[in-house]
Amino acid sequence: MKYYDLNDGNKLPAIGFGTYKITDEKDMDVGISSALDAGYTYFDTAKFYENEKLLGKYLKSYGKNRSNYKIATKVWPNSYGADKTKKSLDDSMKDLGVDYLDVALLHWYGKDYKETWEVFKEYKDQGIIKTIGVCNFSIDQLTELLDTGIKPAIDQLESHLHLQDKDTNEFLKENNILHQAWSPLARANSDLLGEKVLQEIADKYGKSPAQVALRWNIERGVMVLVKSVHDYRIRENIDIFDFDLTDEDMNSLASIDKKSRYSSDPEDKVWLEKIRNM
């Protein structure tokens, strides 16, 4: 396993297990069981996913010590503001069955996020949260956040070969903020895994196109979050640390950047206003 050092002194593995839309008890059971057995130690959820109780239940059911795995959750914009943020975080810990969070993230940019950020800092100072960061923050939004004087350790973004976003990746590197990728395989509704160049590189290494797509992000210093409820896929996704991509490979893969976003734009004001009321 490869690890990334954070700007707060902590470190995270290069791959984590995402739980977005895993709300079925059987799926969570299979997913967590397979993930733990395959070697995943980082589990990403959010208050908005409505699955924290399930995740906490199955993480505990397999007898792992709390120190052997990390949990990340997020606060949704409708819970921004000091009191609502404290309630969101406290409720998350209660549902997860833990007394501290390894990572807490602002889920999107939104009104009153600075009050929430102060609560994050307060909880971090108390040791209740180990690492604080953001999710879906653009360069401009991050620049505004940095003016608070409290630097995030992570920015979690939609990041894949069809949305390579070199500018944001470089900005995060320059500011020593870990770039974390959600949807690193561009979701099932894209044609990413059918790209010819991806298949050719996969054939060269005896890997799948998905494994090469994940490895591409890791080669550029990005932590990936993968999600599946199928044992074979969960194991395949983490089996990416026995090969390296060459500069030639990376240049070839740069050619399939479509600048295509398959989810909401962090700077879409209509979307940001909508989620404040969800």
Side-chain angles (χ1 to χ4, degrees), residues 1-20 31-32 35-36 38-46 49 55 68-74 101-108 120 129-139 142 145 151-187 192 207 210-228 233-245 250 253 262-263 266:
M1 177 61 66
K2 179 181 176 68
Y3 290 86
Y4 295 128
D5 293 321
L6 302 180
N7 61 32
D8 60 7
N10 294 318
K11 61 172 55 181
L12 296 181
I15 189 167
F17 189 81
T19 64
Y20 179 56
I32 299 305
L36 288 171
Y40 293 83
T41 59
Y42 184 100
F43 297 88
D44 177 88
T45 184
Y49 298 172
L55 176 59
N68 293 146
Y69 59 83
K70 298 181 184 296
I71 298 177
T73 194
K74 311 175 192 77
L101 296 165
D102 297 282
V103 175
L105 307 175
L106 303 178
H107 209 146
W108 292 85
F120 276 25
I129 301 172
K130 305 302 182 185
T131 290
I132 60 176
V134 298
C135 189
N136 304 306
F137 268 52
S138 68
I139 290 176
L142 272 174
L145 177 64
K151 179 183 282 193
I154 297 168
D155 189 7
Q156 186 185 123
L157 300 158
E158 178 184 357
S159 301
H160 45 73
L161 281 161
H162 280 173
L163 183 64
Q164 300 187 15
D165 198 0
K166 280 186 64 178
D167 289 345
T168 301
N169 182 252
E170 288 302 319
F171 178 87
L172 293 173
K173 284 182 180 177
E174 289 167 5
N175 285 278
N176 194 22
I177 299 169
L178 178 66
H179 184 167
Q180 201 176 65
W182 63 262
S183 194
L185 299 179
R187 298 192 168 184
L192 172 61
K207 293 291 183 178
Q211 288 172 313
V212 172
L214 294 173
R215 185 70 207 189
W216 167 81
N217 249 325
I218 288 170
E219 294 284 359
R220 65 186 193 136
V222 178
M223 177 182 176
V224 294
L225 298 173
V226 294
K227 187 203 84 171
S228 180
R233 185 69 69 194
I234 291 169
R235 293 177 185 279
E236 177 185 284
N237 286 338
I238 202 172
D239 185 23
I240 55 174
F241 298 100
D242 58 352
F243 75 107
D244 298 295
L245 298 176
M250 296 295 284
L253 291 169
Y262 299 116
S263 185

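All figures in this text were calculated on a predicted structure; none of them were measured in a lab.
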Exercise: identify the closest heavy-atom pair between [X] and [Y]:
X: F137; Y: L157; answer: O-CD2, 3.5 Å
X: L214; Y: V224; answer: O-CG1, 4.0 Å
X: M1; Y: A14; answer: SD-N, 3.9 Å
X: N7; Y: P152; answer: ND2-O, 3.0 Å
X: L12; Y: Q180; answer: CD1-NE2, 4.3 Å
X: I238; Y: G39; answer: CD1-C, 3.8 Å

Could you grab the distance from atom [atom1] of [X] to atom [atom2] of [Y], nearest 0.5 Å is fine?
X: N237; Y: Q211; atom1: CG; atom2: CD; answer: 7.5 Å
X: L6; Y: Y4; atom1: CG; atom2: OH; answer: 11.5 Å
X: L253; Y: Q164; atom1: CG; atom2: CD; answer: 7.5 Å
X: Y42; Y: I15; atom1: OH; atom2: CD1; answer: 12.5 Å
X: F17; Y: I32; atom1: CZ; atom2: CD1; answer: 5.0 Å
X: L101; Y: K74; atom1: CG; atom2: NZ; answer: 11.5 Å

Quick check: do [X] and [Y] have side-chain heavy atoms less than 4.5 Å from each other?
X: T168; Y: S138; value: no
X: S263; Y: W182; value: yes
X: L225; Y: Y20; value: no

Give a yes or no on whether the backbone of [Y] and the side-chain of [X] come within a donor-acceptor separation of less than 3.5 Å.
X: D102; Y: A72; result: no
X: N136; Y: H107; result: yes
X: N217; Y: P184; result: no

Query raised in the report: Where do L36 and F43 land on the side-chain contact (heavy atoms from CB on, under 4.5 Å) test, with the steps shown first?
Result: CA-CA 10 Å; L36 288 171; F43 297 88; 3.6 Å; yes
Requested in this report: For Q156 and D44, test the side chains for any donor-to-acceptor distance below 3.5 angstrom and give the result as yes or no.
Outcome: yes
Report task. Show the numbers, then the answer: is there a side-chain contact (heavy atoms from CB on, under 4.5 Å) between M223 and I154? Result -> CA-CA 10 Å; M223 177 182 176; I154 297 168; over 6 Å; no
Report task. Assign the ring pair Y262 / H160 to parallel, tilted or perpendicular, where the plane angle (0 to 90°) is split at 30° and 60°. Result -> parallel
Query raised in the report: Where do I234 and Y40 land on the side-chain contact (heavy atoms from CB on, under 4.5 Å) test, with the steps shown first?
Result: CA-CA 9 Å; I234 291 169; Y40 293 83; 3.4 Å; yes
Requested in this report: Identify whether the distance between the nearest side-chain nitrogen and carboxylate oxygen of K151 and D8 falls below 4.0 Å.
Outcome: no
Query raised in the report: Passes side-chain contact (heavy atoms from CB on, under 4.5 Å), K70 versus V103? Steps please.
Result: CA-CA 8 Å; K70 298 181 184 296; V103 175; 6.0 Å; no
For a quick test of your reading: what N or O donor-acceptor pairs under 3.5 Å do the side chains of residues 170-178 make, sequence neighbours left out?
from, atom 1, to, atom 2, distance (Å)
K173, NZ, R220, O, 3.4
N175, ND2, F171, O, 2.9

